[in-house]
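Heads up: the structure comes next, in structure tokens.
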Number of protein chains: 2
Amino acid sequence: MQTAPLHAKPVPAASPLLAGSNPAQALLLTENAALTNGPPLLFQRLTAKEREEVLREGQKRVVYRGKMLFSQGTPHDGIFLIESGRIRVFYIAPSGREITLAYWSAGNFVGGPELFGQGQHVWSGVAATNSVVVHLTGKTLRRLIAQIPGFAIGLIEGLTFKGKCYSALAQMLGTRSVTERLAHLLIHLADTYGVKEEGAIAIGSAFTHADLAHMVGATRQWVTISLKRLQEQGVLKAEKAKIVVYDLDALHVMRGDR
Amino acid sequence: MQTAPLHAKPVPAASPLLAGSNPAQALLLTENAALTNGPPLLFQRLTAKEREEVLREGQKRVVYRGKMLFSQGTPHDGIFLIESGRIRVFYIAPSGREITLAYWSAGNFVGGPELFGQGQHVWSGVAATNSVVVHLTGKTLRRLIAQIPGFAIGLIEGLTFKGKCYSALAQMLGTRSVTERLAHLLIHLADTYGVKEEGAIAIGSAFTHADLAHMVGATRQWVTISLKRLQEQGVLKAEKAKIVVYDLDALHVMRGDR
DNA sequence: GCGGAGGTGTCGATTAGTTGCCTCCTTTGC
DNA sequence: GCAAAGGAGGCAACTAATCGACACCTCCGC
């Protein structure tokens, strides 16, 4: 997730959102599987025609990896609908400590919890991969809500969903130890990105220790130490940019649900 | 905040909500003053007639101090509108650790983040004082939303507001130390319940150390220690059921905003 | 091939925060 | 009036997690 220069990949011409069939995901720290498996897609309830209309109203923007989409403290105006790529939403405290709320994929929108603006962003958003987003201003949103009933419902569903995400994160951070949170995250990663590999599950995602640390709300070093400890216990094996989980059940025990 | 038996106070006959003029508050751990000063009241946008209609549709319920209003894990159906009293919304992890989201007063509703049900409660709600609530089921909510436009907007505002609360809490828990969080809370308490007293501010609220601990996400003992430390520094003086703050500025420094 | 940047592993010191236990003070019930 | 119960507060031992620093490794651009 470094911000190193990348060969700018060509931006796809046709919007995948028009098809309305992408397996949208949200990657975040939670114990509620329902939250991460099926975030409600904003476009799900719309006809092809309505989808086109929404996209026409918005302003398409290409965001390269490492570039900021919006920043905490800056004025808020509307939302960003993700067409492709992955957006990391995070917050940095005055002290420099950082917490990642979630990684959002195509079909979701970011830039909440407010919809119409009139405030400031409380989170920041950065492109975790080269991404394409559609910016819908507060003004445009009002118009679309009035015009397309399904769009309004989709937005409310989206807001409700985000509410659940925030609240799940707060619960995790408030009541679970870092170790438990890490176990949670690993189970979730295994679920989402895991590939079965002769009895074990390989997580091939390119998350650095720092990325994981931000997701569980801990320091990079502590994640390194914890992973090493888990490795010594035979629960998993950490190779570079790849984690192989041998004993998923042990993680569940650690998490506190078995 | 103990659940000791209380002499049941008479329940007021007329609903204060009909007047639509109570100074509603939400007590929670956040750095955003706007969040706590003015939570949007559900009834603010309604005419007296509409208010009556909503109250007629709901089922009134008296909840005595210490009694549960809803519990995490139980099926969710609709929301509870607070007519009088104070409801504490909290979560208990399997390990027994507990975190308080907020204390909500008259004019607010609890039982989110979902509106219509079809899920389970993720938080629990308990009466912190003898309270009167109006239960609006998911079905009733749908009807009211369709009938009264202002009610729908009020609900969306409420949801958005709750989203901000959750997200503020997550940010606090993820990036601030317990000490900083306690400073936050004390400032906020001084703001809300504080009474000026010859240069100092007296917080007379009957919050126990355990209550404070649950609000900042720490143990009762650590709050005791921290308060004692602050007392040694001359920042405040903790008497029983009363905290006198001498040096509010020191708390601000501790919080990291000066 | 060299230098830089970013990621990882590790160590030691320190602190933040927890756990368990104990005492004191109120309240309640008889 | 007194015993029992339970909450509130305090002390001490312990551990979880942070902080800062540094060495190493690998990938990448030049």
Side-chain angles (χ1 to χ4, degrees), chain A residues 1-8 65-66 93 95-99 126 128 172-183 185 204-233 236-243 254 256, chain B residues 1-7 65-66 93 95-99 128 172-185 205-233 236-243 254 256:
Chain A
M1 294 299 143
Q2 65 280 44
T3 58
L6 259 204
H7 308 292
R65 175 153 79 140
S95 69
R97 283 200 65 142
E98 183 174 336
I99 177 86
V126 70
M172 290 290 294
L173 292 173
T175 60
R176 307 299 219 278
S177 70
V178 173
T179 315
E180 287 170 306
R181 272 152 30 206
L182 188 60
L185 182 59
S205 70
F207 288 109
T208 66
H209 289 186
D211 291 328
L212 298 178
H214 289 149
M215 274 195 267
V216 297
T219 55
R220 203 260 315 156
Q221 293 95 316
W222 185 252
V223 169
T224 304
I225 293 171
S226 299
L227 281 179
K228 194 190 156 200
R229 209 172 282 171
L230 289 174
Q231 186 162 345
E232 280 163 6
Q233 290 169 15
L236 53 78
K237 188 153 189 290
E239 299 165 13
K240 52 181 173 180
K242 186 178 163 190
I243 297 173
M254 217 162 289
Chain B
M1 293 298 141
Q2 64 277 45
T3 60
L6 260 202
H7 310 293
R65 175 154 77 140
S95 69
R97 284 201 63 142
E98 182 175 337
I99 176 89
M172 290 289 292
L173 292 173
T175 59
R176 308 298 221 276
S177 70
V178 174
T179 315
E180 285 170 307
R181 266 140 49 196
L182 187 60
H184 262 282
L185 181 60
S205 70
F207 288 109
T208 66
H209 289 187
D211 291 328
L212 298 178
H214 290 150
M215 273 195 267
V216 299
T219 54
R220 203 260 317 149
Q221 290 92 323
W222 184 252
V223 169
T224 304
I225 293 171
S226 300
L227 282 179
K228 195 187 157 202
R229 206 171 284 170
L230 289 174
Q231 187 162 342
E232 280 164 5
Q233 290 169 15
L236 52 79
K237 188 152 187 288
E239 298 164 16
K240 53 181 172 181
K242 185 177 163 191
I243 298 173
M254 218 162 288

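All chains are named by letter (A, B, ...) in the order of the sequence lines, taking the proteins before the strands, and each is independently numbered beginning at 1.
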- Using whole Å, report how far CD of B:Glu98 lies from P of C:dT18. 14 Å
- Phosphate contact (D:dG9 OP1 or OP2) by B:His209 side-chain N/O below 4.0 Å: yes
- Please give, in whole Å, the distance from C:dG9 C1' to A:Gln231 CD? 11 Å
For nucleotides 14-17 of chain D, which of its nitrogen or oxygen atoms have a protein nitrogen or oxygen under 3.5 Å away, and what is each distance?
| unit_1 | atom_1 | unit_2 | atom_2 | d |
| --- | --- | --- | --- | --- |
| D:dA17 | OP1 | A:Val178 | N | 3.0 |
| D:dA17 | OP2 | A:Thr179 | OG1 | 3.2 |

- Message: Rounded to whole Å, please give me the gap between CD in B:Glu232 and P in D:dG9.
- Response: 16 Å
- When rounded to whole Å, the NE2 to P distance for the pair B:His214 and C:dT18 reads 11 Å
- Taking only N and O in the side chain of A:Lys228, is any of them less than 4.0 Å away from OP1 or OP2 of C:dT8? no
- Item | Interatomic distance, B:Ile225 CD1 vs C:dA16 C1' [rounded to whole Å] | 10 Å
- No-hydrogen, no-angle side-chain donor-acceptor test under 3.5 Å, B:Glu180 and B:Ser177: yes
- Calculate the interatomic distance between B:Arg181 atom CZ and C:dA16 atom P; express it in whole Å. 13 Å
- Task: Record whether the side chain of A:Arg220 comes under 3.5 Å of the base of C:dG7 through a donor-acceptor pair of N or O atoms.
- Result: no
- Task: Take B:Val216 and B:Ile99 through the test side-chain contact (heavy atoms from CB on, under 4.5 Å) and record every step on the way to the result.
- Result: CA-CA 8 Å; B:Val216 299; B:Ile99 176 89; over 6 Å; no
- Give, for atom CG of A:Leu230 and atom CE of A:Met254, the distance between the pair rounded to the nearest 0.5 Å. 5.0 Å
- Message: I'd like to know if the side chain of A:Arg176 reaches the main chain of A:Arg181, judged simply by a donor and an acceptor atom lying under 3.5 Å from each other, with no hydrogens or angles considered.
- Response: no
- To the nearest 0.5 angstrom, please state how far the CG atom of B:Leu212 sits from the CH2 atom of B:Trp222. 15.0 Å
- Ignoring hydrogens and angles, answer whether the base of D:dG20 and the side-chain atoms of A:Gln221 contain a donor-acceptor pair closer than 3.5 Å. yes
- Item | Nearest-angstrom distance from the residue atom CD of B:Glu180 to P of C:dT15 | 16 Å
- Query: Atom CZ of A:Arg65 to atom P of C:dA5: distance rounded to whole Å?
  - Reply: 17 Å
- Interatomic spacing from CG in A:Leu227 to NZ in A:Lys237 - rounded to 0.5 Å: 13.0 Å
- Message: Minimum heavy-atom separation for B:Val178 and B:Ala218, please, with both atom names.
- Response: CG1-CB, 3.6 Å
